[in-house]
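To start, the structure under review is shown below, and the notes come after it.
Numbers restart at 1 for each chain; the letters A, B, ... are given by sequence-line order, proteins then strands.
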There are 2 protein chains.
Amino acid sequence: MKLTTKGRYAVTAMLDLAVHQHHDTVALADIAARQGISLSYLEQLFAKLRRRGLVASVRGPGGGYSLALPAAQISVAQIVMAINENIDATRCGGEKNCHGEERCLTHQLWSELSRRIYEFLDGITLATLVTEPEVQEVVLRQAKRPKLGVPRNEIAHGSSYEKADLS
Amino acid sequence: MKLTTKGRYAVTAMLDLAVHQHHDTVALADIAARQGISLSYLEQLFAKLRRRGLVASVRGPGGGYSLALPAAQISVAQIVMAINENIDATRCGGEKNCHGEERCLTHQLWSELSRRIYEFLDGITLATLVTEPEVQEVVLRQAKRPKLGVPRNEIAHGSSYEKADLS
DNA sequence: CTAATAGTTGACTAAATCACTCGGGTATGG
DNA sequence: CCATACCCGAGTGATTTAGTCAACTATTAG
């Protein structure tokens with residue numbers, strides 16, 4: 001599993017979708033405006049989410065996206081993995097970078113860490129997040145300023161550049 | 001905090017150092033041979049570890065590195081942070097990428113994750129690792145094949161490319 | 001003294017990845 | 001038929017990774 005701002009954007013967008021579920025569908029443009037993410041970038045992310053069956057789409061005017069599953073059945077781990085398609089088998093467990101064709105000294109450490117992170121992220125669903133008071137507070141704040149007219153260019157300057165992976 | 005193969009190499013090398021503590025010093029060339037890491041690369045890593053006061057060095061023939069602290073006082077988190085000098089304050093907590101100059105929807109989630117990972121890695125010291133049966137097994141295997149003559153070129157092809165960050 | 005050892009430093013590099021943008025599609029409701 | 005919204009692929013600049021190379025400096029054995 002990998003953790004980049006890409007994955008974080010995806011989770012944020014999915015949470016926005018979950019929050020606005022009461023509409024039939026939510027347009028990406030709305031999510032883009034509310035969360036300050038570039039529209040074209042969102043399109044990229046949602047293409048992957050759709051391929052993984054996490055969201056469903058309706059085309060044409062009035063169309064948009066909706067969750068393909070109940071919010072309680074979509075975990076953060078699922079979203080992150082959908083985005084960072086890690087068919088990335090080149091892993092310490094049986095590979096050469098582990099030195100002598102076997103486990104390296106710290107193999108166990110990293111795999112245990114990976115397990116913990118996965119467990120944490122898999123234990124949190126969109127439903128969990130929606131009920132979080134901290135989240136609701138932000139939702140409320142965003143509702144008061146319904147449409148900040150963000151020019152198509154000046155959005156989403158992710159200044160921080162941080163990653164997190166774990167096989 | 002960031003987690004890359006760089007940090008992993010550092011932890012592996014430090015663990016090797018801890019395992020061979022009975023010698024006064026351990027030469028980087030020995031670590032390089034045992035762990036299959038390029039010598040020049042190790043030099044880079046140990047320069048940082050030294051600046052952070054985690055290792056001490058002795059120059060000249062017979063010289064090498066040793067732990068600057070008891071193994072029980074060096075945690076994995078310290079090593080990783082020494083390598084990925086993250087004076088990297090550009091974080092969600094008070095930055096613009098969090099959208100409306102305040103917390104973004106998922107701020108809490110990521111900071112909680114970061115906390116957990118840090119706690120996990122800070123709870124494990126070199127002393128912990130040395131006593132790990134899995135580690136001892138690998139050490140034993142490496143001891144049986146004391147010097148595999150690795151030509152200076154064909155070392156350290158880290159095929160996997162994975163990162164892990166968490167502010 | 002001098003050669004060999006071993007750490008110290010800095011500049012450099014190829015390849016990969018990230019975080020996007022751009023431009024054009026295609027379905028669909030009014 | 002046209003505006004809306006999803007769909008898709010290619011391209012790009014900046015950054016990072018995972019190193020390499022070359023030239024030091026300190027120390028010790030002989």
Strictly below 4.0 Å: does A:Ser38 bring a side-chain N or O up to OP1 or OP2 of C:dA19?
no
Without decimals, in angstroms, what is the distance between A:Lys48 NZ and D:dC7 P?
15 Å
Between C:dA16 atom P and A:Asn84 atom CG, what is the distance in whole Å?
18 Å
Would you say a side-chain N or O of A:Arg50 is under 4.0 Å from OP1 or OP2 of D:dC7?
yes
Establish, with yes or no, whether the OP1 or OP2 oxygen of D:dC21 is under 4.0 angstrom from a side-chain nitrogen or oxygen of B:Tyr41.
no
Side-chain N or O of B:Tyr9 closer than 4.0 Å to phosphate OP1/OP2 of D:dG19:
yes
In whole Å, what is the span from the CG atom of A:Leu42 to the C1' atom of D:dC6?
12 Å
Looking only at side-chain atoms of B:Leu28, point me to the closest of C:dG7, D:dA18, D:dC7.
C:dG7
Is A:Thr106 reaching over with its side chain to a backbone N or O of A:Leu109, donor-acceptor style, under 3.5 angstrom?
no
Under the 3.5 angstrom rule, does the side chain of B:Lys48 hit a backbone N or O of B:Ala82 as a donor-acceptor pair?
no
Do A:Asp16 and A:Val19 make a side-chain contact, defined as non-hydrogen atoms from C-beta onward lying under 4.5 Å apart?
no
Which of the following nucleotides, D:dG19, D:dC8, D:dA5, is nearest to the side chain of A:Ala27?
D:dA5
B:Thr25 side-chain N/O to B:Val58 backbone N/O, donor-acceptor pair under 3.5 Å
no
Which residue, B:Pro61 or B:Tyr65, contacts DNA chain C at a nucleotide closer to its 5' end, judged by nearest heavy atom?
B:Pro61
Nucleotide nearest B:Arg59 when distance is taken to its side chain, options D:dC8, C:dC20, D:dA26
D:dA26
Ring-plane angle category for B:Tyr41 and B:Tyr9, please: parallel below 30°, perpendicular beyond 60°, tilted otherwise.
perpendicular
B:Thr4 side-chain N/O to D:dT16 phosphate OP1/OP2 under 4.0 Å:
no
What contact category does A:Val55 fall into here, base, sugar-phosphate, or nothing, at under 4.0 angstrom with non-hydrogen atoms?
nothing
On DNA chain D, compare the nucleotides closest to A:Gln44 and A:Gly60; which residue's is nearer the 5' end?
A:Gly60
Please classify the nucleic acid contact of B:Ala47 as base, sugar-phosphate, or nothing, using heavy-atom distances under 4.0 Å.
nothing
Phosphate OP1/OP2 of C:dC18 contacted by A:Thr5 side-chain N/O (<4.0 Å)
no
Mind checking B:Phe46 for me? I need base, sugar-phosphate or nothing, with any heavy atom below 4.0 Å counting as a touch.
nothing
